[in-house]
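Counting convention: from 1, in listed order, for ligands and their atoms alike. Side chains included, hydrogens not; waters and symmetry mates left out as well; all remaining heavy atoms used.
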Amino acid sequence: MSQRYFSALTRLQRNITTVFSSTAALAFLPAISLGAYWFGGEATLVIVSALLPVIYLLSTAIPTNLMVSRDAVTGLFQRSAFEELTNQVYLRAAENGRHSATFFLAIEDYQQLIDRYGQAAADIVVQRTGERLIAALRGDDNVGQMGDARFAICMAPVRHLDLEMCIQLAGRLQNVAEEPISVDGISVYVSVSIGFCQHARSPAKDGYGWLQAAATALREAQRRGPSAIRAFSDQMRRDTQTRAELREEVVQALNSGQIQPWFQPQISTDTGQITGFEALARWSHPERGMIAPADFLPAIEEMGMLERLAEVMMYHAFAALKAWDGAGVDVPQVGVNFAGSELNNPQLLEKIKWELDRFDLTPDRLAVEVLETVVASAPDDVITRNINALGKLGCRIDLDDFGTGNASIASIRRFAVSRIKIDRSFVMKADRDPEQQRMIGAILTMAERLGVETLAEGVESVGEHVLLAQLGCDHVQGFGIARPMPFEQTLDWIARHTAKLQEVPRIMNGKAT
Ligand code: C2E
Ligand code: CA
Ligand code: CA
């Protein structure tokens with residue numbers, strides 16, 4: 001049944017109940033009955049007296065939960081009603097061999113929208129978006145509101161609907177939803193991500209599972225966003241399943257020591273000496289074996305445990321520094337990765353100070369690795385304050401994945417960055433590609449002017465290493481020097497590396513000495 005049909009029915013129902021429940025109705029009932037008797041005689045009186053209560057009872061007793069569950073303002077179906085309708089559509093399409101699709105759509109950064117314009121304005125944005133979606137669709141398509149800033153759409157079954165048509169429809173919905181919305185004379189711009197699932201691709205044979213699949217596709221779109229559109233695929237389901245399983249285990253893994261850092265050395269291009277190690281998270285899973293961060297960081301993030309990860313990583317990094325110091329080897333610093341959300345903690349500075357104290361280490365032994373993208377957007381006061389305070393404390397600030405995030409020169413200055421880590425994408429095959437060399441040259445020149453050090457990431461070959469030394473990059477890190485290794489192997493590696501340094505002629509500005 002169409003949305004518009006339901007709206008008309010709801011309105012009629014509401015009007016009847018309002019009229020009959022009013023005190024005016026009490027006042028007029030005797031008059032109506034008398035009038036009926038006057039004009040139509042006894043028979044009419046009986047009919048009218050019997051009919052009025054029946055109409056009233058019927059109007060209140062149409063508890064089609066579908067009606068009750070519609071938003072009074074937007075006219076959108078609410079969750080439970082929408083799910084029920086989707087289930088009906090699922091079964092109908094399956095019976096008749098028709099096609100359909102469910103779409104899940106989310107307004108991104110809704111909280112930011114509220115922070116910036118206020119709740120009332122955000123409500124208007126959501127309401128307009130709902131109205132636009134209804135207007136952009138056919139009358140028999142259903143639109144539901146699935147939370148503050150999320151909508152779901154279930155298309156009425158049709159004869160023909162392929163992937164291309166779904167993508168086009170998603171694009172159209174995205175376009176209408178992303179048109180600026182005027183609130184109190186201000187144009188508000190929002191971006192919208194969409195996930196969808198075609199009827200035939202539904203992993204479950206009911207409307208609920210079908211809808212969940214569209215929600216999964218939406219989550220994938222949001223991970224790739226802003227403004228991404230994703231279709232549900234089987235691979236997505238497998239990934240989601242693995243992620244869900246990892247999600248359940250990740251808290252326990254963090255607390256039981258299954259997640260620990262491995263260490264990858266960084267060396268000076270000038271002297272070949274070790275200038276530090278980067279701590280990289282590894283999950284040694286009892287059944288799945290070693291899991292790389294790309295596969296478990298999303299689970300940690302979804303569980304809101306990034307902060308705990310940073311704590312664990314820092315603890316082990318500091319313990320490693322103490323152990324190296326104790327063994328009499330010179331490791332000046334360890335780099336620990338901090339994602340945006342960890343930097344958002346107002347207590348971060350105190351926490352790091354406390355940990356350094358506990359291990360009796362000076363702040364310059366910690367390099368805080370911050371992604372260039374985080375610094376480039378620097379949306380949050382807390383993040384800005386934290387990075388600066390850590391810099392002031394004496395911690396080193398490494399700007400990670402440099403070249404991928406469009407940080408302005410101003411932001412590099414603003415954040416007291418000590419070193420930029422040139423992203424692997426610039427380093428790959430740099431010894432054979434003049435374009436890569438020009439890019440690296442430009443970054444190095446900028447760094448020199450700003451007085452910050454440089455490190456090239458992902459150095460895999462001797463050729464790349466030599467070129468970077470020639471161009472004047474200060475440090476290198478990569479498989480070409482060593483792969484990340486568990487702490488226990490570092491002492492051996494350091495011993496072998498130091499021994500090699502004595503034998504091999506040094507690479508100094510590209511010339512052997
Ligand atoms: P990243 O910070 O850019 O770390 C460097 C990544 O490049 C590491 O991957 C490292 O193993 C890899 N790598 C190093 N040398 C080479 C090379 O020569 N060739 C190639 N192909 N790769 C190389 P890994 O350990 O898988 O970590 C991936 C990303 O996960 C890291 O990228 C970092 O963003 C994130 N990550 C790792 N540990 C943590 C952590 O404790 N906290 C947070 N928030 N993120 C972490
Ligand atoms: Ca890093
Ligand atoms: Ca990096």
Side-chain angles (χ1 to χ4, degrees), residues 223 250 253-254 257-267 276-284 289-318 320 333-345 348 352 366-376 383 386 396-405 407 417-431 443 454-465 467-468 473 475-487 489 493:
R223 256 195 288 282
V250 81
L254 272 171
Q258 283 177 21
I259 297 179
Q260 292 213 356
W262 279 22
F263 296 92
Q264 188 177 34
Q266 303 165 330
I267 64 173
F277 277 88
E278 176 174 6
L280 293 157
R282 293 290 180 273
W283 182 349
S284 163
M290 197 54 72
I291 313 180
D295 296 324
F296 68 81
L297 281 176
I300 292 198
E301 189 171 5
E302 281 160 32
M303 294 303 285
M305 297 297 282
L306 274 172
E307 234 178 89
R308 177 84 187 109
L309 173 70
E311 257 172 40
V312 167
M313 295 296 286
M314 216 156 47
Y315 174 86
H316 288 291
F318 291 174
Q333 65 181 51
V334 174
V336 176
N337 291 283
F338 285 81
S341 55
E342 298 133 74
L343 294 166
N344 229 331
N345 176 1
L348 185 71
I352 292 183
L366 171 67
V368 176
E369 295 208 5
V370 188
L371 288 173
E372 190 200 11
T373 41
V374 171
V375 167
I383 294 183
N386 266 335
R396 321 264 310 154
I397 308 293
D398 275 3
L399 203 50
D400 206 354
D401 295 359
F402 187 82
T404 62
V417 169
S418 359
R419 178 164 73 172
I420 56 183
K421 297 188 77 177
I422 303 170
D423 189 65
R424 192 171 92 83
S425 53
F426 297 97
V427 174
M428 263 160 67
K429 312 269 182 298
D431 49 333
I443 295 174
T454 47
L455 177 145
E457 289 192 284
V459 177
E460 291 188 353
S461 70
V462 175
E464 289 163 0
H465 187 164
L467 175 96
L468 287 155
C473 180
H475 310 259
V476 281
Q477 173 185 348
F479 294 171
I481 292 95
R483 287 181 179 256
M485 61 191 99
F487 172 78
Q489 292 174 16
W493 186 86

Which residue and non-hydrogen atom of the protein lie closest to atom 27 (O) of ligand 1, and at what distance in Å? Pro293 CG, 3.4 Å

With the threshold set strictly below 4.0 angstrom, can you tell me whether any protein non-hydrogen atom sits that near atom 13 (N) of ligand 1? yes

What protein heavy atom lies closest to atom 36 (N) of ligand 1? Include the residue and the distance to one decimal. Leu297 CD1, 3.8 Å

Judged by non-hydrogen atoms, does Arg483 sit under 4.0 Å from ligand 1? no

Can you pull out the closest protein heavy atom to atom 4 (O) of ligand 1? Residue, atom name and distance to 0.1 Å, please. Leu280 CD2, 3.5 Å

So Phe318 and Val334, do their side chains get closer than 4.5 Å, heavy atoms only? no

Tell me if the CE atom of Met485 is crowded by more than 12 foreign heavy atoms within 6.0 Å. yes

For ligand 1, which atoms have a heavy atom of Gly478 less than 4.0 angstrom away? 15 (N), 18 (O)

Lys421, portion touching ligand 1 at heavy-atom distance under 4.0 Å: neither

Just wondering, are more than 12 heavy atoms of other shown residues or ligands nearer than 6.0 Å to CZ in Arg483? no

Can an N or O of Glu278 be found at a distance shorter than 3.5 Å from an N or O of ligand 1? yes

Is there a side-chain contact between Val417 and Phe402 in this structure, where contact means two heavy atoms from C-beta onward sitting under 4.5 Å apart? no

Heteroatom distance test (Phe479, ligand 1): nitrogen or oxygen, under 3.5 angstrom: yes

Residue and atom name of the nearest protein heavy atom (relative to atom 19 (N) of ligand 1), distance in Å to one decimal: Glu460 OE2, 2.5 Å

Give the atoms of ligand 1, by number and element, whose distance to some non-hydrogen atom of Gln264 is under 4.0 Å. 14 (C), 15 (N)

If I apply the N/O under 3.5 Å rule, does Ala281 come out as touching ligand 1? yes

Protein contact for atom 34 (O) of ligand 1 (heavy atom, distance under 4.0 Å): no

Considering only the protein, which heavy-atom contact is closest to atom 42 (N) of ligand 1, and what is its distance? Leu309 CD2, 3.4 Å

Does Ala367 offer a backbone N or O that forms a donor-acceptor pair with the side chain of Gln333 under 3.5 Å? no

Scanning both residues in full, the closest heavy-atom pair of Glu278 with Leu280 reads OE2-CD2, 3.4 Å

Using a 4.0 Å heavy-atom threshold (strictly under), name the region of Asp401 that reaches ligand 1: side chain, backbone, both or neither. side chain

Determine yes or no for a side-chain-to-main-chain donor-acceptor pair under 3.5 angstrom, with Glu342 supplying the side chain and Ala339 the backbone. yes

Please list, in number order, the atoms of ligand 1 under 4.0 Å from a heavy atom of Met313. 41 (O)

Given 3.5 Å as the limit, does a donor-acceptor pair link the side chain of Gln264 with the main chain of Ala482, or not? yes

Asn386 (side chain) donor-acceptor with Leu343 (main chain) under 3.5 angstrom: yes

Heavy-atom neighbours of Tyr315 OH exceed 12 at 6.0 Å: no

If the test is side-chain hydrogen bond (donor to acceptor under 3.5 Å, both in side chains), which one of Arg419, Lys421, His475, Gln266 qualifies with Asp398? Arg419

For atom 43 (C) of ligand 1, the protein heavy atom that lies nearest, with its residue and separation: Asn337 CB, 3.7 Å

Atom 11 (O) of ligand 1: closest protein heavy atom, distance to 0.1 Å, is Pro484 CG, 3.5 Å

So, does Ser418 use its side chain to make a donor-acceptor pair with the main chain of Ile397 at under 3.5 Å? yes

Taking all heavy atoms of Met303 and all of Val250, pick out the closest pair and write down the distance. CG-CG1, 3.8 Å

Give me the protein N, O or S atoms that fall under 3.0 Å of the Ca ion (ligand 2), sorted by chain and residue number. Glu278 OE2, Asn337 OD1, Glu369 OE1, Asp400 OD2

Does the N or O separation between Arg282 and ligand 1 drop below 3.5 Å for any pair? yes

Does Glu464 reach the main-chain N or O of Glu460 with its side chain, forming a donor-acceptor pair under 3.5 Å? yes

I need the atoms of ligand 1 closer than 4.0 Å to a non-hydrogen atom of Arg424, numbered in the order shown. 19 (N), 20 (C), 21 (N), 22 (N)

Nearest non-hydrogen protein atom, atom 5 (C) of ligand 1: Glu457 OE2, 4.0 Å

Glu457 side chain near Asp423 side chain, heavy-atom distance below 4.5 Å: yes

Test Asn344 against every option in Ile383, Leu306, Val374 by the side-chain contact (heavy atoms from CB on, under 4.5 Å) rule and name the one that passes. Ile383

